[in-house]
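Since we're looking at a predicted model, the values are computed, not measured.
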Amino acid sequence: QPIFDAMSTAVLQRLPPSGSSVLDISSGPGEPTLTLAKMDRDRPGSSPKIAQIVCTDYQEAMKQKAQTRVEAAGPFHQLEMVFETTSGDNLDKWHAEEFDAVTMSYGLMFIPDKQKSLQEVYRVLKPGGFAYISVWKALSFQTFAHEVMNELAGEDLGEFAINPMALKEENAVEKFAKHAALQIVKDDRLNYSFKLGSLRDTADSLTILAGEQLKKLEAKNKDAKTKYYNIVEREVKKRGWYDASADTVALPSNVPQLLILRKPLHEEL
């Protein structure tokens, strides 16, 4: 996704010239860890800035997937890659003022104690270090999944069990950052399409959010899944999101916020 490129670029712009350490919280399958490591390694005419990346996720399976992806993309000479399982609101494994940068892409909205999470980010950052947080502000992927499921059910089924839009309101992240004494440096918004593959791939992708609701409808009506695929295909074509020549679907208007935060130097406090 473009957000991983944007976040990695921002990180590298602000890191010290060498020996830097980065903590990636709620990395899922290893992002932006992998993008950042590759971008640092592949910068033309420059030595790597990063000496260590600590890649974490709450789920052991996600941590293992991240490690597999990074190993496949290697080697990363002179870069120590560490993989840990931990919650984003409990960073007790690391000392205060240990990292030059902390990243968290699409993780904060799923962390139970969001305020504690940013307080922990402040604690583990070195003075003058930066944190990079991304959350969704608009997500047509979720909106479309809702519309498909509501039509299938003939009623409003309400929110999905997984809600990536939990921090969609303006200043939702900023208020946590300010209470954690982190300075707001920059607020960027991206806008891009989700490229989801074929019509079938698109319907399958939507089950990331809609899967639980779809299973419940299938238990009541054995034809529910067939109708689900038919609705997705009809609506994608109707809305002009399907490129028949390439057999690919692109869902437009997905808008993440990339917030850059800074821990003040001791003399600034």
Side-chain angles (χ1 to χ4, degrees), residues 1-8 24-35 55-59 61-63 65-66 87-89 102-118 121 131-150 152-153 156-177 187-197 201-216 228 232 235-236 241 249-261:
Q1 289 190 28
I3 191 68
F4 303 142
D5 289 335
M7 184 177 286
S8 298
D24 187 11
I25 302 171
S26 299
S27 187
E31 291 294 354
T33 285
L34 181 54
T35 299
C55 177
T56 75
D57 197 82
Y58 181 69
Q59 299 182 54
M62 283 290 102
K63 185 200 79 172
K65 187 171 183 178
S87 173
D89 53 11
V102 175
T103 59
M104 191 182 340
S105 186
Y106 304 138
L108 188 61
M109 52 272 215
F110 303 121
I111 293 173
D113 193 336
K114 297 170 179 56
Q115 186 62 68
K116 184 182 177 186
S117 178
L118 288 193
V121 168
Y132 306 81
I133 313 292
S134 68
V135 299
W136 288 111
K137 292 301 181 180
L139 189 58
S140 65
F141 180 83
Q142 184 191 43
T143 303
F144 183 52
H146 271 302
E147 292 169 353
V148 170
M149 293 309 299
N150 290 346
L152 181 61
D156 187 348
L157 294 179
E159 292 290 343
F160 296 126
I162 299 172
N163 181 18
M165 295 295 289
L167 294 171
K168 68 179 180 181
E169 301 299 331
E170 288 302 311
N171 295 311
V173 180
E174 289 88 333
K175 70 177 182 180
F176 292 123
D187 178 358
D188 277 342
R189 307 293 170 102
L190 285 71
N191 190 327
Y192 55 88
S193 296
F194 275 5
K195 297 179 180 179
L196 299 174
D201 291 338
T202 299
D204 289 341
S205 296
L206 294 174
T207 62
I208 295 170
L209 297 178
E212 186 175 317
Q213 291 183 355
L214 184 56
K215 285 180 181 179
K216 290 179 180 178
Y228 165 79
V232 172
E235 287 300 314
V236 164
W241 297 343
V249 175
L251 268 63
S253 303
N254 299 282
V255 180
Q257 175 189 40
L258 173 54
L259 199 63
I260 301 177
L261 310 171

Quiz prompt | Side chain proximity check, D24 to P32, heavy atoms < 4.5 angstrom | solution =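 A side-chain contact exists here, since the closest heavy-atom pair is under 4.5 Å.
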
Identify all side-chain donor-acceptor contacts of residues 166-174 below 3.5 Å with residues at least two apart in sequence or on another chain.
{"unit_1": "E170", "atom_1": "OE1", "unit_2": "R189", "atom_2": "NH2", "d": "3.1"}
{"unit_1": "E170", "atom_1": "OE2", "unit_2": "R189", "atom_2": "NH1", "d": "3.2"}
{"unit_1": "E174", "atom_1": "OE2", "unit_2": "Q257", "atom_2": "NE2", "d": "3.0"}

Practice problem: Look up atom OG in S134 and atom CE in M109, then write down how far apart they are to the nearest 0.5 Å. | Solution: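 With rounding to 0.5 Å, OG (S134) is 6.5 Å from CE (M109).
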
If you look at every heavy atom in [X] and [Y], which pair is closest and at what distance?
| X | Y | answer |
| --- | --- | --- |
| G107 | S26 | CA-CB, 3.8 Å |
| S105 | I3 | OG-CG2, 4.1 Å |
| S27 | D57 | N-OD1, 3.5 Å |
| V121 | A131 | CG1-CB, 3.7 Å |

Exercise. Starting from the C-alpha separation in whole Å, work towards a yes-or-no answer on side chain to side chain contact (heavy atoms under 4.5 Å, CB included) for L261 and V102.
Key: CA-CA 10 Å; L261 310 171; V102 175; over 6 Å; no

Quiz item: F194 and Q1: side chain to side chain contact (heavy atoms under 4.5 Å, CB included), yes or no, with the steps?
Solution: CA-CA 8 Å; F194 275 5; Q1 289 190 28; 4.2 Å; yes

Self-check item: side chain to side chain contact (heavy atoms under 4.5 Å, CB included) between V249 and D201, worked out
Solution: CA-CA 9 Å; V249 175; D201 291 338; over 6 Å; no

Practice problem: Spell out, as yes or no, whether a donor-acceptor pair under 3.5 Å connects the side chain of T207 to the backbone of D204. | Solution: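 Side chain of T207 to backbone of D204, a donor-acceptor pair under 3.5 Å: yes, one is there.
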
Quiz item: Okay, side chain of Y106, backbone of P256: is any donor-acceptor separation there less than 3.5 Å?
Solution: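 The answer is no, because no donor-acceptor pair under 3.5 Å joins these two groups.
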
Practice problem: Tell me, please, which residues at least two apart from P112 pass side chain to side chain contact (heavy atoms under 4.5 Å, CB included). | Solution: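 P112 satisfies side chain to side chain contact (heavy atoms under 4.5 Å, CB included) with D89 once adjacent residues are dropped.
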
Quiz item: Which residues satisfy the side chain to side chain contact (heavy atoms under 4.5 Å, CB included) test with F110, sequence neighbours excluded?
Solution: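 F110: side chain to side chain contact (heavy atoms under 4.5 Å, CB included) contacts with I162, P164.
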
Quiz item: With sequence neighbours excluded, what pairs up with S117 under the side chain to side chain donor-acceptor pair (under 3.5 Å) test?
Solution: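 Residues passing side chain to side chain donor-acceptor pair (under 3.5 Å) with S117: none at all.
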
Quiz item: Who pairs with D188 by side chain to side chain donor-acceptor pair (under 3.5 Å), at least two apart in sequence or on another chain?
Solution: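 Testing D188 for side chain to side chain donor-acceptor pair (under 3.5 Å), a comparison that skips the adjacent residues, returns none.
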
Quiz item: Taking everything shown except Y58 itself, do over 12 heavy atoms lie less than 6.0 Å from its OH?
Solution: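 Counting neighbours around OH of Y58, 12 or fewer heavy atoms of other residues, nucleotides or ligands fall under 6.0 Å, so no.
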
Self-check item: Residues, nucleotides or ligands: over 12 heavy atoms within 6.0 Å of K65 NZ
Solution: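 It does not: K65 NZ has 12 such atoms or fewer within range.
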
Just distance, no hydrogens or angles: give the donor-acceptor pairs under 3.5 Å from side chains in residues 139-150, sequence neighbours left out.
{"unit_1": "S140", "atom_1": "OG", "unit_2": "P252", "atom_2": "O", "d": "2.4"}
{"unit_1": "S140", "atom_1": "OG", "unit_2": "N254", "atom_2": "OD1", "d": "3.2"}
{"unit_1": "S140", "atom_1": "OG", "unit_2": "N254", "atom_2": "ND2", "d": "3.4"}
{"unit_1": "Q142", "atom_1": "NE2", "unit_2": "N163", "atom_2": "OD1", "d": "3.2"}
{"unit_1": "T143", "atom_1": "OG1", "unit_2": "L139", "atom_2": "O", "d": "3.3"}
{"unit_1": "E147", "atom_1": "OE1", "unit_2": "R239", "atom_2": "NH1", "d": "2.8"}
{"unit_1": "E147", "atom_1": "OE1", "unit_2": "R239", "atom_2": "NH2", "d": "2.9"}
{"unit_1": "N150", "atom_1": "OD1", "unit_2": "L157", "atom_2": "N", "d": "3.0"}
{"unit_1": "N150", "atom_1": "ND2", "unit_2": "H146", "atom_2": "O", "d": "3.4"}

